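Reading through the C-alpha cells given below for one structure.
Model, not experiment: these values are computed from the prediction.
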Amino acid sequence: MKILFAPLNIPLRRRLQTAAVLQWVFSFLALAQCCLAGYVLLCVSDWWVLAALYAGWLYLDRDTPTSGGRRSEWLRNWSVWKHFRDYFPLNLIKTVDLDPVSNYIFGFHPHGVLVAGGFGNFCTEASGFTSLFPGMTPYLLMLPFWFRVPFFRDYIMCGGLVSSEKASLSYLLSAPRGGNVAVVAIGGAPEALDARPGALTLQILHRKGFIKLALKHGAQLVPVFSFGENELFDQMTNPAGSPLRWLQDHLQRLMGVALPMFTGRGVFQYSFGLLPYREPINTVVGRPIPVVQTPSPTKDDIDCLHSLYLEGLTTVFEDNKDNYGIAPDKHLHFI
C-alpha cells in the first residue's frame, strides 16, 4: 500500500488541531487502561496508603455518576477543545429556542465510532452550547462501566459525562427548576458496529426506554442528527451473520462495550491510523416534541410518543440533508 505522507510545511494551527484530536483519541481508547494500571502500581508500591485512601473515596463517591456527576467549567473551556473543534470542523446548529424551565432528552444520532460530535458539542464549550442555549446544562450519558475505573471516572465527569443507568437519567429529568439536558446516543454501542461513510441505518425501533422516562418525568424530547458523524472512520466489512460480526456482537453482550474494527488516518501520514478523517461534523438540534407527564405510561402511550419521535427525527434529517451534501434520494433507515 502506498503511504501518503503529510507535507513538512503544515501550518502550526493544523499541527495543534491534530495534537488536540490525538489526545482525545488516546483518552477514549487508552486512558482508562493507563489509569487502571497506574492504580494497580500504586497499590503495590510504597505509596499503597494513597491507593487505600482513594478506594475509600471511590466508595463514598459511588453515587456521583448517577447524581449529575461533578462537572468542571474550567476543563470544559480548555483551549485544546477549540483546536479539536477546528480539526473537522465541528458545528452545533440550533433550529429553535428551548425554554430552560423544562428538562430535555436530546436523542443523539448516529452514534458513530467514537461519538465525536456528542463529545465536542456537549462535553466542551468549543461549539458554544451555553451561548446557544442559555440557562441549560448538558450531560452526555456514557456506559456505567467507565465510571468504575479509578481516576478516569473523575476526569470524564469533569466534562459533564454521567452514567447511562436509568437512575442517572431519572435524576437529571427530575430537576425541579429545569434546565437539564440529558444527551443520549440512542443507538448505543451496537450502532457503532455499523458506523462507516454513507451509513444511514439507525438502531431505534426497539429502543423505547428513553421514551418511557420522558413520559414519567414530563421531559421534552429533542431529536438531534449529527451530519458527518459516520464519515470520520472506515470500518472492516462486518455484515450480519459474518464471523467478525458474530464475534463483535458476542463481545458486546459480554462486556457492554462495542469493538468496531475501524481505521482512519495517522499523525504524519494520511493512509492509515486511528485519527478521524478531517470531515465536517454539523450537529443539528431539532424542534422539541412536547411531552405530557404521565407517571404510569401504558404501552400505547410509549408507542405513540415513539412514533412522534421518529417523525421528528426524520424531519430534522430531511430538512437539512441538502445543506450537508447528502443526495436527495438518501433517507434514514430504522431498524
Side-chain angles (χ1 to χ4, degrees), residues 16-39 65 69 71-72 75-76 78-90 108-127 138-164 183-196 226 228-236 248 251-252 255-267 272-279 281 283:
L16 291 174
Q17 292 165 9
T18 301
V21 172
L22 177 62
Q23 66 82 29
W24 170 73
V25 171
F26 170 79
S27 297
F28 201 104
L29 298 180
L31 183 58
Q33 294 88 328
C34 291
C35 288
L36 183 59
Y39 182 73
R71 66 201 299 114
S72 166
L75 185 147
R76 287 172 56 85
W78 279 356
S79 59
V80 68
W81 305 130
K82 294 181 175 62
H83 297 302
F84 174 88
R85 173 199 64 199
D86 295 339
Y87 174 90
F88 301 98
L90 174 71
F108 184 85
H109 310 270
H111 183 284
V113 173
L114 299 182
V115 206
F119 175 85
N121 287 310
F122 305 115
C123 294
T124 80
E125 285 298 326
S127 57
Y139 300 86
L140 180 62
L141 275 68
M142 192 176 186
L143 289 172
F145 169 81
W146 299 113
F147 296 93
R148 302 187 182 100
V149 180
F151 307 127
F152 182 73
R153 67 187 292 277
D154 302 293
Y155 174 66
I156 60 177
M157 280 196 290
C158 286
L161 284 153
V162 295
S163 173
S164 59
V183 184
V184 184
I186 305 299
E191 194 173 272
L193 300 178
D194 291 317
R196 52 177 47 86
S226 193
E229 194 74 38
N230 282 341
E231 313 305 313
L232 304 182
F233 296 98
D234 291 312
Q235 190 170 167
M236 288 183 63
Q248 289 174 320
L251 291 175
Q252 193 273 322
M255 301 186 300
V257 180
L259 297 173
M261 302 296 290
F262 66 92
T263 183
R265 50 156 289 188
V267 178
F272 60 89
L274 296 179
L275 292 188
Y277 299 123
R278 282 182 180 265
E279 295 290 340
I281 304 174
T283 304

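- Taking every heavy atom of both residues into account, Gly69 and Met157 meet most closely at CA-SD, 3.8 Å.
- Minimum interatomic distance between Val25 and Pro276 (heavy atoms only, all atoms of both residues): CG2-CD, 4.0 Å.
- Classified by interplanar angle (parallel below 30°, tilted 30° to 60°, perpendicular above 60°), the ring pair Trp78/Tyr155 is tilted.
- Residue Cys35 comes nearest to Pro150 through the heavy atom pair CB-O, 3.2 Å, listed as atom of the first residue, atom of the second, then distance.
- Heavy atoms only, all atoms of each residue included: Ala116 and Leu232 are closest at CB-CD1, 3.7 Å.
- A distance of 10.5 Å separates OG in Ser127 from CD1 in Ile281, rounded to the nearest 0.5 Å.
- For the atom pair CG of Asp234 and CZ of Arg196, the computed distance is 9.0 Å after rounding to the nearest 0.5 Å.
- Leu193 CG to Gln248 CD: the interatomic distance, rounded to the nearest 0.5 Å, is 5.0 Å.
- A donor-acceptor pair under 3.5 Å is absent between the side-chain atoms of Thr124 and the main chain of Arg76, judged by distance alone.
- Using a 4.5 Å heavy-atom threshold, the side chains of Phe28 and Phe119 count as separate.
- Annotation: side chain of Leu141 is not in contact with side chain of Val183 (no heavy-atom distance under 4.5 Å).
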From CA spacing to verdict: side chain to side chain contact (heavy atoms under 4.5 Å, CB included), Trp24, Leu114: CA-CA 10 Å; Trp24 170 73; Leu114 299 182; 3.6 Å; yes
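- In this structure the side chain of Val80 reaches within 4.5 angstrom of the side chain of Gln23, judged on heavy atoms.
- With respect to Ile156, the side-chain contact (heavy atoms from CB on, under 4.5 Å) criterion is satisfied by exactly one of Leu31, Val162, Leu161: Leu161.
- Counting only distance, with no hydrogens or angles, the side chain of Ser226 and the backbone of Glu229 share no donor-acceptor pair below 3.5 Å.
- Closest of all the heavy-atom pairs between Gln252 and Ala189 is NE2-CB, 3.9 Å.
- Relative ring orientation between Phe84 and Phe88 is described as perpendicular, the plane-to-plane angle rising above 60° on a 0-90° scale split at 30° and 60°.
- Within the model, atoms OG1 of Thr18 and OH of Tyr87 stand 5.5 Å from one another, a figure rounded to the nearest 0.5 Å.
- At distances below 3.5 Å, at least one donor-acceptor pair connects side-chain atoms of Gln33 with backbone N or O atoms of Leu29.
- With hydrogens and angles disregarded, no donor-acceptor distance shorter than 3.5 Å links the side chain of Trp146 to the backbone of Ala32.
- Residues Tyr39 and Val149 are not in side-chain contact: their nearest non-hydrogen atoms beyond the backbone lie 4.5 Å or more apart.
- Within the model, atoms CG of Leu275 and CZ of Phe233 stand 7.5 Å from one another, a figure rounded to the nearest 0.5 Å.
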Check residues 258-265 and write down every donor-acceptor pair under 3.5 Å in which the side-chain atom is one partner and the other belongs to a residue at least two apart or another chain.
residue	atom	partner	partner atom	Å
Thr263	OG1	Gly273	O	3.3
Arg265	NH2	Val267	O	3.4

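- Not a single donor-acceptor pair under 3.5 Å links the side chain of Arg71 to the backbone N or O of Cys158.
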Tyr139/Phe122 under side chain to side chain contact (heavy atoms under 4.5 Å, CB included): CA gap, chis, key distance, verdict: CA-CA 7 Å; Tyr139 300 86; Phe122 305 115; over 6 Å; no
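- Side-chain contact check for Pro65 versus Pro144: every heavy-atom pair is 4.5 Å or farther apart.
- Here the closest heavy-atom approach between residue Phe152 and residue Ser27 is recorded as CE1-O, 3.5 Å.
- Evaluation of the salt bridge (charged side-chain N to carboxylate O under 4.0 Å, His left out) rule for Asp194 yields Arg245 as partners, not counting sequence neighbours.
- In terms of modelled atom types and a separation under 3.5 Å, the side chain of Gln235 and the main chain of Ala195 share a donor-acceptor contact.
- Judged purely by distance below 3.5 Å, without hydrogens or angles, the side chains of Arg278 and Gln17 pair a donor atom with an acceptor atom.
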